[in-house]
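Let me begin by presenting the structure, written as structure tokens, before commenting on it.
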Amino acid sequence: MAETFIKIPDNYSGYHLSHFCVPKHYEEDLEDIMIPWGLIQDRTERLARDVFQDVKNEPLTALCVLKGGYRFFTDLLDKLTALNRSQASVSVPLYVDFIRLKSYENTDSTGDIRVVGGDNMVSLSGRNVLVVEDIIDTGKTMEKLLAILKNHQPKSVRVASLLVKRKSDSTGYRPDYCGFEIPDKFVVGYALDYNEYFRDLNHICVINDSGKKKYLTPQGSH
Ligand code: IMP
């Protein structure tokens, strides 16, 4: 049987930047395009279908993890609402909520994961919650967030992450829905950032060394 996610192998070399449209201001900063925007859309359409079939007529609160998850969140929600329009026999009333976490400085997890804003999580009590995240790296952020959510007594919690990185220091955490499993490289674009840069890039790309240097933030300056 096929895996429930698309596995991008370690020896995958991606697409050359010149084969797709990339903003001029990032041309020098990227190694290659790992996942073009169109493929993200197609994969998200399938994840939305999987979520829709699992939830079956129950209301669902989609919880967007800001800022990195916002594009995946809006595209997943678009596809879920399209299913609600087109399926006569199943309907999933949707609610949206937002939360902001912070854990990264440059390319290193600070280990200090903080909820720095968003909705009051008290409203999640008794709800079916779908956490929508951009990427699971070590898994620490998600495990911490799930522990926080549990305190608010939701009816159920599922997690959709567009990306999961293959990491030697992973906690072993796996989301319920995963778009792509990717090699251990720092990726940007499609709302994933490096020190707040690259959110305005459509494709998921691998940042190069000169990009990392150019947009380096001195530790503790955020
Ligand atoms: P974890 O706690 O190590 O799983 O880190 C998860 C968080 O780190 C994500 O929500 C992202 O904000 C950030 N992150 C990890 N890897 C990347 C990456 O390759 N690009 C951009 N952000 C990343």
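Worth saying up front: this structure is predicted, and the values here are computed from it rather than measured. When a ligand or atom number is given, it counts from 1 through the structure's own listing order.
Residue G139 places a heavy atom less than 4.0 Å from ligand 1. Heavy-atom separations between K167 and ligand 1 are all 4.0 Å or longer. Within the 4.0 Å heavy-atom cutoff, V188 does not count among the residues contacting ligand 1. In this structure, E143 does not count as a contact residue of ligand 1, since none of its heavy atoms falls inside 4.0 Å of the ligand. Contact annotation: D193 has at least one heavy atom less than 4.0 Å from an atom of ligand 1.
Less than 4.0 angstrom separates some heavy atom of K165 from each of these atoms of ligand 1: 16 (N), 17 (C), 18 (C), 19 (O). Less than 4.0 angstrom separates some heavy atom of D134 from each of these atoms of ligand 1: 9 (C), 10 (O). Close approach of ligand 1 to L192 is summarised as follows: ligand atoms under 4.0 Å from at least one heavy atom of the residue are 20 (N), 21 (C). For ligand 1, the atoms lying closer than 4.0 Å to a non-hydrogen atom of K185 are 19 (O). When each atom of ligand 1 is checked for a heavy atom of E133 under 4.0 Å away, the hits are 10 (O). Ligand-side atoms of ligand 1 in range of K140: 2 (O), 4 (O), range being under 4.0 angstrom from any heavy atom. Taking every heavy atom of T138 and a limit of under 4.0 angstrom, the matching atoms of ligand 1 come to 1 (P), 2 (O), 3 (O), 4 (O).
Side-chain atoms of Y190 and D75 include a donor-acceptor pair closer than 3.5 Å. Checking T171 against E143 by side-chain atom types alone, a donor-acceptor pair falls below 3.5 Å.
For Y15 and F20, the distance between ring centers is under 6.0 angstrom. In this structure, F73 has its ring center under 6.0 Å from that of F98.
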* To do: Carefully, step by step, assess Y177 and D54 under the rule side chain to side chain donor-acceptor pair (under 3.5 Å).
  => CA-CA 11 Å; Y177 308 97; D54 290 349; 2.6 Å; yes
* Worked verdict on F180 versus L162 for side-chain contact (heavy atoms from CB on, under 4.5 Å) -> CA-CA 6 Å; F180 302 87; L162 180 63; 4.1 Å; yes
* Apply the test side chain to side chain donor-acceptor pair (under 3.5 Å) to residues D200 and Y26: give CA-CA distance (whole Å), side-chain angles for both, the deciding distance (0.1 Å), then the verdict. => CA-CA 10 Å; D200 58 332; Y26 292 140; 2.6 Å; yes
* To do: Evaluate the criterion ring-ring contact (aromatic ring centres under 6.0 Å, His included) for residue pair F198 and Y215; output intermediate values, then yes/no.
  => CA-CA 10 Å; F198 301 101; Y215 300 116; 5.4 Å; yes
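An N or O contact shorter than 3.5 Å is missing between I136 and ligand 1 by distance.
Without hydrogens or angle criteria, N128 side chain to P59 main chain gives a donor-acceptor distance under 3.5 Å.
Taking each of I135, D169, I204 in turn, the one with a heavy atom nearest to atom 9 (C) of ligand 1 proves to be I135.
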